[in-house]
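Predicted model, so just to flag it, every value in this text is computed and none were measured. Chain letters run A, B, ... following the sequence lines, proteins first, then strands; residues in each count from 1.
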Amino acid sequence: MAQPTFSTHLGMVDILPGEVGKWQTIERIIHEEAKKFNFEEIRTPIMEQTELIARGVGQLTDIVSKEMFAFQRGDDRYVLRPECTAPVARAFVEHHLDQRGGTQNLYYIGPMFRAEKPQKGRQRQFHQFGAEIIGADAPAADVDIIALMMAIYDRLGITNTTLKINSVGDPESRRNYTKALKDHFRPHLPQLSDISQKRFKNNPLRILDSKEEEDQSFIEDAPVITDYLTEETSAHYGQVKELLADLNIPFEEDPHLVRGLDYYTRTAFELISPDLGAQDALGGGGRYDLLIEEIGGQHTPAVGFAAGIERLLIACEELDIELAEEETLDVYIVTLGEKARRWALRHLPALRSAGLSASMDYIGRSIKAQMKDADRENARHTIIVGENELNEGKFTLRNMKKSEENAYTFEEILGKLTDIPDTRQSLQ
RNA sequence: GAGCCUGUAGCUCAGUUGGUUAGAGCGCCAGGUUGUGGCCCUGGAGGCCGUGGGUUCAAAUCCCAUCAGGCUCCCCA
């Protein structure tokens, strides 16, 4: 297998049977927590119009300027969604979800696509879950969104995280701050990194995000946005912090926290884990009060978060958190001969209807091979069917854990297996 | 887009200063047990040593190129 004919594209990985259990556990917990918080799931297409992402996420962001999987077909321009907030906002506007009344609490789970160079915790097809509260301006919404995100990590046992928060301001605050920031950096412009020089023109806030060494000293003594917030936005941010404290959710203020997507306004936050290596953000989000207007809807304030499932899996692995129990099989029918195999095939449905998981050998292997197979499948019981059993109408039921066996009629076996509570599959 | 590292069996990895038919553990298949798994024993299958070229009497081993992967920077989930 040095060179298989086909393989996945760079940065796209198969999730194989052995690991799917972990994904199912995570997805289950997300659904359960979202339900507790009264969020409804929304599923949007994996492809959107390129223009929606360009306008929603922002033309100048890395995502739009160089990381989109986009193509044209006829006059239609398609893009594999790089994130899901813009699509959810689009669905909100397109289907007039505001007409359902109240605020819309929505969540999603699914694959996203960005054409970056893959590394640990970063794939080109990756999976996010996220939630949005659309139509609420109040700090309570910001805090409930953060609480939902934290609840999911708590459920999984990922607690050694740091929540960083900041306010990136409303447009007026942002204008004032941007001016101050430019005034601060302008005299040092030639000494800044190339990237920061570009950002100086396009989006000076992002200079704060720089990890270039030559920029650090200038960033350190740069003015902080929280000093330039309008009274209203400052009050909003203050309340968010107060409410977080009320909920005993620990947080760190980081006045340099800037998010990479253009649509964020006011509250911004990020959840950091020390277990992830270079890509240390488990999730992040914030308020995007202007996005819905930007894509053609009414002015509608909103707040949301998005988090990466792959990174969550890495964190669980680092913390030795077991996400999936071993798969077991209730019954494996071991057969000897063609008649026995037909008997087995006829009786599997009754076992399955009774809620048991049941399987058999299809290809007439030796009894030893079948027993081995049953063991490999973690079968709790085997039913052994040979000529003796068929003649007598009694079949050997073997308890694989206890290594005990006895002969019963099929009806007796069915009764015995469905009596044992822990061999019963959930029927709900 | 840039840097560093790694490509040997299904998986994890040995392979000594280049030297005969390339190894181990796990896994897989079969036998030891004429109808019984796990433990043990025995045997077997499975490798163009990522690919191409070069050096050499001789290359998994040295050189070059190329492809793939990993990690890092940038950025983000």
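In this structure, A/Lys182 is positioned above the aromatic face of A/Phe200, its NZ or CZ under 6.0 Å from the six-membered ring centre and within 45° of the axis.
For A/Thr382 and B/G37, a side-chain-to-base donor-acceptor distance below 3.5 Å is absent, hydrogens and geometry of angles not being considered. Contact of A/Glu116 with B/A77 (side chain to base): a donor-acceptor pair of N or O atoms is detected under 3.5 Å. On a pure distance criterion of 3.5 Å, a polar donor-acceptor pair joins the side chain of A/Glu405 and the base of B/U36.
If you check every strand for non-hydrogen atoms under 4.0 Å, A/Ala281 touches sugar and phosphate atoms only. Residue contacts shown for A/Leu312 are absent, as no nucleic acid heavy atom lies under 4.0 Å away. The residue A/Lys66 sits apart from the nucleic acid: no heavy atom pair falls under 4.0 Å. Nucleic acid contact class of A/Gly130 (heavy atoms, under 4.0 Å, all strands): none.
When the P atom is compared between B/A60 and B/G23, the two are found 13 Å apart, to the nearest whole Å. Taking atom P in both B/G10 and B/G1, one finds a spacing of 32 Å when rounded to whole Å.
Taking side-chain N and O atoms only, A/Gln119 has a distance below 4.0 Å to OP1 or OP2 of B/U72. The side chain of A/Arg365 places no N or O atom within less than 4.0 Å of a non-bridging phosphate oxygen (OP1 or OP2) of B/C28. Contact between the side-chain N/O atoms of A/Arg376 and the OP1/OP2 oxygens of B/C28 is found at a separation under 4.0 Å.
If you check B/C75, B/C76, B/G37 against the side chain of A/Met371, the one that comes closest is B/G37. Across B/G37, B/C76, B/G70, the shortest atom-to-atom separation from the side chain of A/Pro118 is found for B/G70. Ranking B/U36, B/A77, B/G37 by closeness to the A/Asp375 side chain, first place goes to B/G37. The side chain of A/Glu67 lies closest to B/C75 when the candidates are B/A30, B/C75, B/U36.
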Next item on the list: Convert the base pairs of RNA chain B into dot-bracket notation, remembering that pairs crossing earlier ones are written with [ ] and that bases paired across to another strand are shown as |; include only Watson-Crick or G-U pairs under 3.5 Å.
Entry: (((((((..((((.....[...)))).(((((.......))))).....(((((..]....))))))))))))....

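Below 30°, between 30° and 60°, or above 60°: for A/Phe129 and A/Phe305 the angle between ring planes is above 60°, a perpendicular geometry.
Residue-to-nucleotide proximity on RNA chain B shows that, of A/Thr8 and A/Phe126, the 5′-proximal contact is made by A/Thr8.
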Next item on the list: Please lay out, stage by stage, how A/Tyr332 and A/His381 fare under the test ring pair (Phe, Tyr, Trp, His ring centres under 6.0 Å).
Entry: CA-CA 6 Å; A/Tyr332 187 108; A/His381 301 274; over 10 Å; no

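With no hydrogens or angles considered, no side-chain donor-acceptor pair links A/Ser65 and A/Gln59 at under 3.5 Å. Side-chain contact, A/Glu33 with A/Tyr153: no donor N or O sits under 3.5 Å from an acceptor N or O. For A/Asp170 and A/Thr233, the side-chain atoms include at least one donor-acceptor pair closer than 3.5 Å.
Between the side chain of A/Arg81 and the backbone N or O of A/Thr44, at least one donor-acceptor pair lies under 3.5 Å.
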